[in-house]
Structures are given as C-alpha cells and as structure tokens.
Amino acid sequence: MLPVAHVHRPGGPRSSPTARRADTLREFGYLMRCLIVDDCPDFLRAAQCLLTGQGIEVVGMASDSAQALRQSEQLKPDVALVDIDLGGECGLELVGRMRLETGPPPPLVILVSVHAEEEYTGMIEESAAAGFLAKTALSGNAIRALLAEANEDHRESSIIWPPER
C-alpha cells in the first residue's frame with residue numbers, strides 16, 4: 001500500500017479521504033483510470049463503487065460499443081473493463097475497435113463476464129485483450145495483478161503497466 005498524504009486545499013472544502021487519496025495517487029502517477037463497459041446498470045454501479053474504494057478512478061461508464069468508443073476517445077482511460085456479452089453486441093469485437101479507433105494510446109482492455117473463462121478461452125486468446133476476469137473476482141488488486149502478469153508475458157508488446165506518460 002502506498003503512503004497517502006492528506007491534502008487540504010486552502011480556500012476550498014475538505015474533500016473525503018478517498019478523494020484526497022486519489023489526488024495524491026494521481027499526483028505521483030499511480031492512479032489507474034478505468035472505463036467500465038457493461039449493459040447492466042446494476043453491475044456498472046457496483047463495479048464503480050468497488051473499484052473507486054480500491055484506488056481505481058472510474059472515469060466513465062458505457063452500456064454499448066458506441067458509448068464506449070466515444071468515452072474512450074474523450075476520457076483516455078488506462079484500462080477498460082469490457083463485458084463479453086453486451087446485450088446485442090459482442091464485447092470481443094469492441095476490443096479490436098477500441099485498439100484501432102481510440103488513442104493513442106488505446107486503453108488496455110480486460111474482458112469480464114459472469115461466465116467462466118473456459119467458455120471463451122480461444123476467443124480471449126485471439127483478441128487484443130490483456131486478459132479476462134470473472135465478474136465475481138473483480139477487484140482493484142485483481143486488475144493490477146492481471147496487468148502485471150500481462151506485462152511480464154508480453155514484454156515486447158504494447159502492454160505496459162504502469163503506462164508511460
């Protein structure tokens with residue numbers, strides 16, 4: 001865990017401990033910016049709450065590919081969590097589109113699903129995603145671990161965490 005200085009901005013209201021921690025982490029370049037893409041509003045809210053409490057800044061939430069591409073381009077997240085099944089759309093197709101149509105650099109994409117990874121293994125491996133997390137295993141630490149593992153596995157690729165800015 002990183003030490004966190006408590007910052008009070010003169011002339012302004014005191015922010016919450018979570019906001020102060022985010023300010024400090026952002027100042028030192030450690031705060032991960034995340035876009036969540038899922039067609040379930042309940043999952044979007046739950047994931048946002050969970051990840052924000054674990055030091056990941058959720059900069060946007062999208063419920064379809066068009067919103068995801070637009071927000072990815074505008075918000076420049078470091079990582080995007082993309083549901084494999086986006087209702088009538090395919091999250092796997094969105095991964096490729098995000099890589100080609102947003103950035104530079106495009107966000108690293110982690111595919112998520114309520115289904116087991118084994119159901120999608122071949123498709124995940126063929127995609128440009130950094131990896132897969134079951135929704136039940138989602139956490140800030142799981143995201144960081146997956147990105148660290150992907151970075152080790154792909155030293156010669158574009159998967160780098162933390163991003164060079």
Side-chain angles (χ1 to χ4, degrees), residues 22 25-26 29-165:
L25 291 172
R26 188 178 302 105
Y30 295 121
L31 189 65
M32 185 183 309
R33 297 169 41 81
C34 180
L35 170 66
I36 306 171
V37 184
D38 197 291
D39 62 326
C40 177
D42 291 337
F43 176 77
L44 287 171
R45 283 190 298 275
Q48 178 188 31
C49 187
L50 173 76
L51 296 176
T52 299
Q54 296 179 355
I56 293 181
E57 182 181 16
V58 177
V59 295
M61 296 186 293
S63 58
D64 61 38
S65 294
Q67 288 178 348
L69 291 167
R70 191 169 41 256
Q71 287 189 29
S72 184
E73 184 64 33
Q74 292 170 350
L75 302 172
K76 305 289 187 218
D78 300 313
V79 65
L81 303 177
V82 176
D83 188 11
I84 290 177
D85 181 11
L86 284 173
E89 299 178 274
C90 178
L92 290 161
E93 290 177 13
L94 178 58
V95 174
R97 290 187 64 196
M98 289 180 92
R99 191 166 181 90
L100 296 173
E101 298 176 29
T102 65
L108 298 175
V109 178
I110 296 174
L111 293 164
V112 296
S113 180
V114 294
H115 302 286
E117 182 175 9
E118 292 76 32
E119 294 183 38
Y120 302 106
T121 301
M123 293 182 281
I124 293 168
E125 289 173 357
E126 291 176 15
S127 76
F132 172 88
L133 280 175
K135 287 183 179 181
T136 56
L138 184 64
S139 72
N141 286 338
I143 291 170
R144 289 181 193 95
L146 190 149
L147 293 177
E149 183 179 313
N151 197 31
E152 281 296 314
D153 291 345
H154 302 283
R155 283 245 180 247
E156 302 300 317
S157 76
S158 61
I159 297 176
I160 299 172
W161 182 257
E164 297 171 357
R165 295 194 188 249

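Side-chain contact between F43 and L81 is absent, with no heavy-atom pair separated by less than 4.5 Å. Side-chain contact check for S65 versus L86: some heavy-atom pair is nearer than 4.5 Å. Between D39 and D64 the shortest side-chain heavy-atom distance does not fall below 4.5 Å. P106 is not listed as a side-chain neighbour of S72, based on a closest heavy-atom distance of 4.5 Å or more. Side chains of L138 and I143 form a contact here, defined as non-hydrogen atoms less than 4.5 Å apart. The shortest distance between side-chain heavy atoms of M32 and R144 falls below 4.5 Å. Counting heavy atoms from C-beta on, the side chains of V82 and V112 never come closer than 4.5 Å. Looking at heavy atoms from C-beta onward, P107 lies out of side-chain contact with V79 at the 4.5 angstrom threshold.
Pairing each heavy atom of I56 with each of G140, the nearest pair is CD1-CA, 3.5 Å. What you find for L133 and A142 is that their closest heavy atoms are CD2-CB, 3.9 Å. Between C34 and L51, the shortest heavy-atom contact is SG-CD1, 4.4 Å. Taking each heavy atom of A68 and V37 in turn, the nearest pair found is CB-CG2, 3.6 Å.
Residues satisfying the side chain to side chain contact (heavy atoms under 4.5 Å, CB included) criterion with L44, sequence neighbours excluded, are I36, D38, M61. For E93, there are no salt bridge (Lys or Arg N to Asp or Glu O under 4.0 Å) partners at least two apart in sequence or on another chain. With sequence neighbours left out, A145 forms a side chain to side chain contact (heavy atoms under 4.5 Å, CB included) with no residue at all. Partners of Q67 under the side chain to side chain donor-acceptor pair (under 3.5 Å) rule, at least two apart in sequence or in another chain, are S63.
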Name every donor-acceptor pair, under 3.5 Å, that has one atom in a side chain of residues 123-132 and the other anywhere in the protein, sequence neighbours excluded.
from : atom 1 : to   : atom 2 : distance (Å)
S127 : OG     : I124 : O      : 2.7
S127 : OG     : A129 : N      : 3.2

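Atom CD of E73 and atom CE of M98 lie 10.0 Å apart (nearest 0.5 Å). In this structure, the separation between CG on L35 and CD on Q74 is 11.0 Å, given to the nearest 0.5 Å.
Residue pairs meeting the salt bridge (Lys or Arg N to Asp or Glu O under 4.0 Å) criterion with at least one partner in residues 79-92, sequence neighbours excluded, are D83-K135.
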*Test side-chain contact (heavy atoms from CB on, under 4.5 Å) applied to R99 and L108, step by step*: CA-CA 8 Å; R99 191 166 181 90; L108 298 175; 5.9 Å; no
_N141 vs Q54, test: side-chain contact (heavy atoms from CB on, under 4.5 Å). Steps then yes/no._
CA-CA 8 Å; N141 286 338; Q54 296 179 355; 5.9 Å; no
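Checking side-chain atoms of R33 against main-chain N and O of L75 turns up a donor-acceptor pair under 3.5 Å.
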